[in-house]
Protein chains: 2
Amino acid sequence: MMKYKELGLKMTPQRLSIISFLEGNKDHPTAEDIYKKISKKFPTISLATVYKTLETLKRHGVINEITIDPNRRHFDPNLQRHHHLICSRCRKIADLDIDFDLVLPEDTRKGFDIIGNHVEFYGLCIDCKKK
Amino acid sequence: MMKYKELGLKMTPQRLSIISFLEGNKDHPTAEDIYKKISKKFPTISLATVYKTLETLKRHGVINEITIDPNRRHFDPNLQRHHHLICSRCRKIADLDIDFDLVLPEDTRKGFDIIGNHVEFYGLCIDCKKK
DNA sequence: GTTACTGCAAAGCTTTTGCATCCCT
DNA sequence: AGGGATGCAAAAGCTTTGCAGTAAC
């Protein structure tokens with residue numbers, strides 16, 4: 001918890017509750033998801049605060065934003081390089097516990113300096129298969 | 001061009017002009033990009049028509065939507081399986097002319113039936129490197 | 001003649017911003 | 001005390017929808 005203060009972030013109750021909700025979370029929640037959850041124990045929090053806090057945490061490299069859902073933003077406290085499984089039907093996002101060694105030959109890079117990569121697998125999740 | 005009529009799509013001048021703009025396009029345009037371009041030769045077209053047409057084309061499998069930019073939707077007439085290069089700075093999206101043989105071991109699939117995958121490489125494009 | 005498409009305006013959603021107040025440090 | 005954080009409401013984007021008129025088939 002110390003690391004946040006070292007970043008110059010003020011530890012307000014709202015912020016603490018967002019951080020503790022995110023820590024270890026593997027559900028890739030949206031701002032709305034977080035707001036709904038936090039509201040239960042913290043009825044006065046506003047959605048704007050959630051957005052602002054997420055932006056702040058993202059800017060300080062505490063969380064990542066994942067661009068996987070065209071309809072809303074999802075956030076991921078897992079900073080380790082990892083890939084995702086996405087359900088084409090219900091849009092559920094799961095972490096993948098496997099990495100790939102992807103090398104881009106020089107002549108396919110189109111002049112880009114490569115920083116990283118991300119792999120998404122699409123499919124039907126276990127719940128959606130049943131339906 | 002015949003294929004569109006076979007899909008039951010009416011070939012209006014607006015639609016033809018959107019289709020011909022998209023055919024062979026490798027820029028992954030947004031609805032706004034398309035609207036701006038088409039407007040020049042077709043001043044009466046509306047943005048709503050562009051959106052509706054894109055939705056129709058997508059539903060008929062004529063184009064794909066790509067989820068790569070959190071701020072707006074991009075469309076891609078290239079239906080062939082392919083991956084992308086994304087500039088972290090200017091958000092430019094380029095096609096990758098290389099495929100990967102990615103196999104997900106059974107025990108990493110979390111019960112998903114896998115349909116496909118998509119790889120994104122992040123980096124700095126040739127123009128942004130100069131700055 | 002049907003049926004689908006167009007274009008306008010209005011509405012819908014998610015996300016951002018302005019600002020006065022509050023409260024961590 | 002100072003500066004960032006909160007929360008409200010308003011605004012800003014992007015995208016969708018309703019509907020009357022129009023055009024493709």
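The side chain of A:Thr49 places an N or O atom within less than 4.0 Å of a non-bridging phosphate oxygen (OP1 or OP2) of D:dG7. Phosphate contact (OP1/OP2 of C:dG7, side-chain N/O of B:Thr44, threshold under 4.0 Å): present.
You'll find that the side chain of B:Phe42 is closest to C:dG7, out of D:dT16, C:dG7, D:dA24. Closest approach to the A:Gln14 side chain among D:dG7, C:dG7, D:dT16 is made by D:dG7 (side chain taken as heavy atoms from C-beta onward). Here the side chain of A:Arg72 is nearest to one of D:dC8, C:dC13, C:dT6, namely C:dC13. When distances run from any side-chain atom of B:Lys10 to the nucleotides D:dG7, D:dC25, D:dT15, the shortest one goes to D:dC25. Distances from the side chain of A:Tyr51 to the nucleotides D:dG13, C:dT15, D:dT17 place C:dT15 closest. Among the nucleotides C:dT15, D:dG3, D:dT17, the one closest to the side chain of A:Leu47 is C:dT15. Checked against D:dG7, C:dC5, C:dA9, the side chain of B:Ala48 finds its nearest nucleotide in C:dA9. In the set D:dC8, C:dT16, D:dG18, the nucleotide with an atom closest to the side chain of B:Lys52 is D:dG18.
The two residues B:Ile18 and B:Val50 come nearest to each other via the heavy atoms CD1-CA, 4.0 Å.
If you take CG of B:Asp33 and P of D:dC14, they are 11 Å apart, rounded to a whole angstrom. When rounded to the nearest whole Å, the span between CG of B:Asn71 and P of C:dC13 equals 20 Å.
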*Does the pair B:His118 and A:His118 meet the rule for a ring pair (Phe, Tyr, Trp, His ring centres under 6.0 Å), with working shown?*
CA-CA 8 Å; B:His118 177 239; A:His118 177 239; 8.9 Å; no

